[in-house]
Number of protein chains: 2
Amino acid sequence: MPDSETRLGHMLSRLRERGQRITPQRLAILRILADSEGHPSVEKIYDVVVRDFPTTSLATVYKTVTLLKELGEVLELEFSQGSNRYDGSKPFPHPHVVCTRCRRIVDPDLESLSALTAQVSRQTGFKVVNHRLDFYGLCPQCQKEKR
Amino acid sequence: MPDSETRLGHMLSRLRERGQRITPQRLAILRILADSEGHPSVEKIYDVVVRDFPTTSLATVYKTVTLLKELGEVLELEFSQGSNRYDGSKPFPHPHVVCTRCRRIVDPDLESLSALTAQVSRQTGFKVVNHRLDFYGLCPQCQKEKR
DNA sequence: CTTCATGCAAAACATTTGCAGCTGG
DNA sequence: CCAGCTGCAAATGTTTTGCATGAAG
């Protein structure tokens with residue numbers, strides 16, 4: 001698979017065409033986000049990056065994530081309690097299932113919400129450009145645990 | 001309409017049956033939440049309550065809202081940037097439309113998501129107990145404004 | 001070389017907590 | 001009375017910002 005067709009390759013060229021630099025730290029952050037199955041938090045990304053670059057700071061991770069957000073290359077899932085979670089592999093709105101116990105987040109396969117979006121637009125007069133659909137509950141593993 | 005059938009009346013009895021006190025500040029907070037068309041933030045509630053009770057503190061509002069949340073008598077809409085918003089008139093999950101410019105929040109009328117919820121449950125093995133569906137965009141008023 | 005990025009520390013916010021004093025029932 | 005509430009201030013946790021130094025291109 002040619003580099004330009006991978007998520008990482010795409011992210012890299014988006015950065016380059018904006019004249020942004022590719023530093024080793026950035027590359028490490030991009031790698032993690034590009035195939036982020038786990039919807040990592042900034043802290044989680046940081047934990048992995050410091051292994052290779054011990055002087056890395058949280059601020060740097062925040063700055064890079066913010067940059068990618070502006071480019072639309074990462075999807076941010078906001079949570080007011082606990083930290084935000086990020087998805088760089090599917091940077092477009094899609095449903096999530098969130099375990100309220102262990103905070104695991106997975107992607108279910110669902111029909112698109114375009115019909116619903118159109119209906120909302122018609123009804124409220126809003127120009128709808130984004131949406132968020134989360135389901136909350138207990139993941140299979142947490143259902144087995146006591147309490 | 002008998003008191004027990006209003007949202008306010010219902011909230012009051014829920015508090016009483018748990019042995020919680022009805023203070024003047026609490027009553028004021030409950031009133032605002034009971035017919036909260038505007039999905040107010042804690043700050044917004046506070047602003048209104050201080051008019052009548054100038055010594056009121058933000059902490060008190062937070063504490064009362066937390067209490068109502070535990071009782072399931074208020075729905076919390078979490079936002080990591082900006083403050084959380086609360087709905088005491090419909091304290092069960094329902095879709096919202098959020099203006100990304102002025103932060104106005106309105107309730108569209110949509111079919112229930114029970115079919116979707118069941119599908120998610122089946123597919124992921126999660127025990128789904130809650131959901132959140134937000135649409136983001138510009139409200140009619142903000143579409144008219146420049147920029 | 002000249003931006004732009006990094007990394008530290010401090011600031012900014014929303015929210016929570018500890019605790020002395022107050023008050024509803 | 002007295003358990004529960006209030007209000008102040010301090011603490012918390014996440015994210016942002018300022019700025020001097022460093023490195024990518």
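Chain naming here is simple, since letters A, B, ... match the order of the sequence lines and numbering starts at 1 in each.
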Open item on the list: Which nucleotide wins on minimum distance to the side chain of A/Lys63, given the candidates D/dT15, D/dA24, C/dC8?
Closed with: C/dC8

Open item on the list: For a quick test of reading the model: is some side-chain N or O of A/Thr55 closer than 4.0 Å to OP1 or OP2 of C/dG7?
Closed with: yes

Task: Protein-nucleotide distance (B/Leu30, atom CG; D/dC5, atom P), rounded to Å - done: 12 Å

TODO: Using the six-membered ring wherever Trp is involved, compare the ring planes of A/His39 and A/His94 and label them parallel, tilted or perpendicular (cut-offs 30° and 60°).
DONE: tilted

Open item on the list: Quick one about B/Thr60 and B/Ser57 (side-chain donor to acceptor, distance below 3.5 Å, no hydrogens or angles considered), yes or no?
Closed with: yes

- [ ] Identify whether any heavy atom of A/Ser80 sits under 4.0 Å from a base atom; if not, whether one sits that close to sugar-phosphate; answer base, sugar-phosphate or nothing.
- [x] nothing

Open item on the list: Check this one for me: any side-chain N or O of B/Tyr62 less than 4.0 Å away from OP1 or OP2 of C/dT16?
Closed with: no

Open item on the list: How about CZ on A/Arg31, more than 12 heavy atoms from neighbouring residues, nucleotides or ligands closer than 6.0 Å, or not?
Closed with: no

Open item on the list: Taking the nucleotide of DNA chain C with the nearest heavy atom to each, does B/Gly82 or A/Ala59 sit closer to the 5' end?
Closed with: A/Ala59

- [ ] Report which part of the nucleic acid B/Thr60 touches: base, sugar-phosphate, or nothing (heavy-atom distance under 4.0 Å, all strands).
- [x] base

- [ ] Measure from NZ or CZ of B/Arg103 to the centre of the six-membered ring of B/Phe79 and say whether it is under 6.0 Å with the direction within 45° of the ring axis.
- [x] yes

- [ ] Answer with base, sugar-phosphate or nothing: what part of the nucleic acid does A/Gln20 contact at a heavy-atom distance below 4.0 Å?
- [x] sugar-phosphate

- [ ] Using whole Å, report how far CG of B/Leu58 lies from P of D/dA10.
- [x] 16 Å

TODO: Select base, sugar-phosphate, or nothing to describe what B/Gln25 touches, counting heavy atoms under 4.0 Å on all strands.
DONE: sugar-phosphate

Open item on the list: Expressed as a whole number of angstroms, how long is the span from A/Ile29:CD1 to C/dA5:C1'?
Closed with: 11 Å

Open item on the list: Measure NZ/A/Lys69 against P/D/dT14 and give the value in whole Å, please.
Closed with: 16 Å

- [ ] Take the protein atom CD of B/Glu76 and the nucleotide atom P of C/dA14, then report the distance between them rounded to whole Å.
- [x] 15 Å

Task: d(CG, B/Leu15; P, D/dC5) in whole Å - done: 9 Å

Open item on the list: Please compare A/Phe79 and A/Ile22 by the position of their nearest nucleotide in DNA chain D and report the one closer to 5'.
Closed with: A/Phe79

Open item on the list: Determine whether A/Asn84 and B/Ser80 satisfy the following criterion, side-chain hydrogen bond (donor to acceptor under 3.5 Å, both in side chains), listing intermediate values before the conclusion.
Closed with: CA-CA 7 Å; A/Asn84 292 345; B/Ser80 77; 3.0 Å; yes

- [ ] Report the residue (B/Phe53 or A/Thr66) whose heavy-atom-nearest nucleotide on DNA chain D is the more 5′ of the two.
- [x] B/Phe53

TODO: Considering only NZ, NE, NH1 and NH2 on the basic side and carboxylate oxygens on the acidic side, decide whether A/Arg85 and A/Asp87 come within less than 4.0 Å.
DONE: no

- [ ] Name the closest nucleotide to the A/Asn84 side chain, picking from D/dT15, C/dG24, C/dG7.
- [x] D/dT15

- [ ] State which of D/dT16, C/dG25, D/dG7 makes the closest approach to the side chain of B/Arg21.
- [x] C/dG25

TODO: Send over the distance from B/Lys44 NZ to C/dA14 C1', rounded to a whole Å.
DONE: 17 Å

- [ ] Can you tell me the distance, in whole Å, between the CZ atom of B/Arg16 and the P atom of C/dG24?
- [x] 14 Å

TODO: Verify the contact: side-chain N or O of B/Thr23 to OP1 or OP2 of D/dT6, cut-off strictly under 4.0 Å; return yes or no.
DONE: yes

Open item on the list: Of the listed nucleotides (C/dA5, C/dG7, C/dT16), which one gets closest to any side-chain atom of A/Arg26?
Closed with: C/dA5

